[in-house]
Amino acid sequence: MRATIIAGLMAVGFLVGCGGVEAPEEMSPEEVERIVATATPGPCTDACDAKYYQCYYGGGDPFYCSSYRAYCISQCP
């Protein structure tokens, strides 16, 4: 019984996966620059991370340190 259910679920999974992978859309150089700039941490984020590591590894409360890091990053421009 269990084997039948598993086989059925696997068959459905294989059928859903059919169709292959679509080719990625080409991006303009401006879009690539915007994505790289967004994904690269800035000096403000680096400062927040430094404060977090100092708090966390300095013996601070992990919940407080994580909350403060999230707040600090939310204030970055």
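Nothing fancy with the numbering, it's 1 onward along the sequence.
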Residue pairs involving residues 37-47 (criterion salt bridge (charged side-chain N to carboxylate O under 4.0 Å, His left out); sequence neighbours excluded):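 Listed by first then second residue: nothing to list.
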
Residues C48, C72; criterion disulfide bond (SG atoms under 2.5 Å apart); working and verdict: CA-CA 6 Å; C48 292; C72 182; 2.0 Å; yes

For I6, give me all partners under side chain to side chain contact (heavy atoms under 4.5 Å, CB included), at least two apart in sequence or on another chain.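 Partners of I6 under the side chain to side chain contact (heavy atoms under 4.5 Å, CB included) test: M10.
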
Going by side chain to side chain contact (heavy atoms under 4.5 Å, CB included), name the residues that satisfy it together with E31, two or more places apart in sequence or in a different chain.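 If we apply the side chain to side chain contact (heavy atoms under 4.5 Å, CB included) test to E31, skipping adjacent residues, the hits are M27, S28.
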
Hey, can you pull the donor-acceptor pairs under 3.5 Å for the side chains in residues 36-45, sequence neighbours left out?
residue	atom	partner	partner atom	Å
T38	OG1	R34	O	2.8
T40	OG1	V36	O	2.6

Measuring from K51:NZ to C65:SG, what's the distance to the nearest 0.5 Å?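 SG of C65 is found 13.0 Å from NZ of K51.
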
ring-ring contact (aromatic ring centres under 6.0 Å, His included) partners of residues 34-61, not counting sequence neighbours, each pair once: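 Residue pairs with at least one partner in residues 34-61: Y52-Y56.
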
For Q75, check side-chain hydrogen bond (donor to acceptor under 3.5 Å, both in side chains) against everything at least two apart and list the hits.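 Per chain and number, Q75 pairs via side-chain hydrogen bond (donor to acceptor under 3.5 Å, both in side chains) with no residue.
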
Which pairs pass side-chain hydrogen bond (donor to acceptor under 3.5 Å, both in side chains) with one or both residues in residues 61-72, sequence neighbours excluded?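 Qualifying pairs: D49-R69.
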
